[in-house]
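For clarity, every value in this text was computed on a predicted model and none was experimentally measured. So you know, we letter chains A, B, ... as the sequences are listed, proteins then strands, and number each from 1. All values below were derived from every heavy atom in this structure, side-chain atoms included, with hydrogens, water molecules and symmetry-related copies excluded.
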There are 2 protein chains.
Amino acid sequence: MVKYSTEKPILVAVDCIVFGYDGEDVKLLLIKRAIKPLKDQWSLMGGFIGHNEDLDDAAQRILLQLTGLKNVYLEQLHTFGKPDRDPVERTISVTYFSLIDINKYSKQINDIYHAEWFKLSETPTLIFDHGMMVKTAMEKIRYQAALHPILFELLPKKFTIPQLQNLYEQVYDMPIDNRNFIRKITASGLLIKQEEKDKSSSKRGAFYFKLDKHKHKAQFKSFLNFVGKRTPG
Amino acid sequence: MVKYSTEKPILVAVDCIVFGYDGEDVKLLLIKRAIKPLKDQWSLMGGFIGHNEDLDDAAQRILLQLTGLKNVYLEQLHTFGKPDRDPVERTISVTYFSLIDINKYSKQINDIYHAEWFKLSETPTLIFDHGMMVKTAMEKIRYQAALHPILFELLPKKFTIPQLQNLYEQVYDMPIDNRNFIRKITASGLLIKQEEKDKSSSKRGAFYFKLDKHKHKAQFKSFLNFVGKRTPG
DNA sequence: ACAAAAGTGTTGGCTGTACACCCATGC
DNA sequence: GCATGGGTGTACAGCCAACACTTTTGT
């Protein structure tokens, strides 16, 4: 069989940036690196791709191993490839980001891997260029969420509009007028009102909603406008 | 020194999807593959990354070798990594897309590499998954151009508004009302009117404009709205 | 004079924003 | 009854699509 070349090999890794929401805070999932160098430093979840493994599959596998979650929202972000980004060997990293509901996430597996959730504002220093990866992911999510209903991926099946608003406010780090938000979000037709109310955060209680998955899928590619026109940040 | 593993190596390639505009048509630059297998089939411009080469640098290098152009608009698109995408060896491909003014492009180098411009509608079948790469690039450009002034990268220093409109119409494959287009684009403040007119395509002639590069850079990240709200396609 | 492309004006509807106000309920 | 968060109503401004019209000039 033909071969292309005999250059020194370059390793291919996949790193996953996992964002979660617990109804209160947007958080980032990190683990302590298991191998030298920089052992026990905080790191994204990563691993090398198998020789017969698709990139997307590798990302799913790594996420499954770490969170026990299948079929989560997972999207390729960017490929990082500076020659010196990993001091051990030349490694390029294909990054993926994921959005999950923290409460769905299984605690046991968390413990096995010593993974921890960090509030975005309290993210520790990460190894290599992982800090840059997180920054890039955050920018992409802001970009996408301004146009598409991706943030629903972070929510449980039932959620309230104030919860949703809080999520948007955290992602964009700015206050949103609740009255306009409610109207905009209900006008989108994406939500199905439930009978039940959540009384945990107010006396009056806020109605639970479910996502209309059909409409969500249909509208996913259309351009919506969930936040203001200002540049995020 | 520590080493990570001894898995069979995976090759890392860079492929460039180069779009051009000659004032009439949006075109795609392709070459005939120089090596076996599939020798002489149409292909994107690609190559393997050097062992000490950054991904972005590799893309610039490949583009320079093929077009003689430096400092062109070049943006990482997506990384393709299906195990069987290249039948010879396991190769992942980091793709970049580029937008250039065809008239700036030096013909000689073109001839050396046997590169040819194809109208988008007349693109031949490409090797491997290159067809999918082109499709992905086109989608991304439509997405981006709806919000950011990236299509100016395809134009020469001086251009007319009808030329610009024609470009948008081709990218989105739909007619645009010229009267609204003119107002929208002039209102953006991105254009500087020149004295001179282009008389080649009408009796009255159309004023030339130059891009206000400062404003272009400043507004690049802000969300604009150059096309309608419909989903492109 | 006329055709053909470039460019200006005008309108009405939709959408986003700001902000005043009412509602439900636990204390 | 009052504080607190949830939710509705209203009013204004800006933007955009649609379409009528004028301007320029080669033939």
Calculate the interatomic distance between [X] atom [atom1] and [N] atom [atom2]; express it in whole Å.
X	N	atom1	atom2	answer
A/D177	D/dG5	CG	P	16 Å
A/I185	C/dG16	CD1	C1'	14 Å
A/N166	D/dG6	CG	C1'	15 Å
A/K184	D/dT8	NZ	P	17 Å

Given protein heavy atoms under 4.0 Å, the one-letter contact record of nucleotides 5-11 of chain C, with B base, S sugar-phosphate only and - none, is simply BBBBBB-
Under the side-chain hydrogen bond (donor to acceptor under 3.5 Å, both in side chains) rule, collect the residues that match up with B/S98, sequence neighbours excluded.
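Applying side-chain hydrogen bond (donor to acceptor under 3.5 Å, both in side chains) to B/S98 gives none.
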side-chain hydrogen bond (donor to acceptor under 3.5 Å, both in side chains) involving A/D198 - partner list, sequence neighbours excluded
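So A/D198 forms a side-chain hydrogen bond (donor to acceptor under 3.5 Å, both in side chains) with A/S200.
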A/Y73 vs A/F97 aromatic rings, parallel, tilted or perpendicular, using cut-offs 30° and 60°?
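Geometry flag for A/F97 against A/Y73: tilted rings.
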Residues forming a ring-ring contact (aromatic ring centres under 6.0 Å, His included) with A/F118, sequence neighbours excluded
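Here the qualifying residues are A/W42.
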Residue list, ring-ring contact (aromatic ring centres under 6.0 Å, His included) with A/F80, at least two apart or on another chain
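ring-ring contact (aromatic ring centres under 6.0 Å, His included) list for A/F80, sorted by chain: A/H78.
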Side chain to side chain donor-acceptor pair (under 3.5 Å) contacts in which one or both residues fall within residues 18-33 of chain B, not counting sequence neighbours:
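Passing the test, one end in residues 18-33 of chain B: A/Y4-B/R33, B/Y21-B/N166, B/D22-B/K27.
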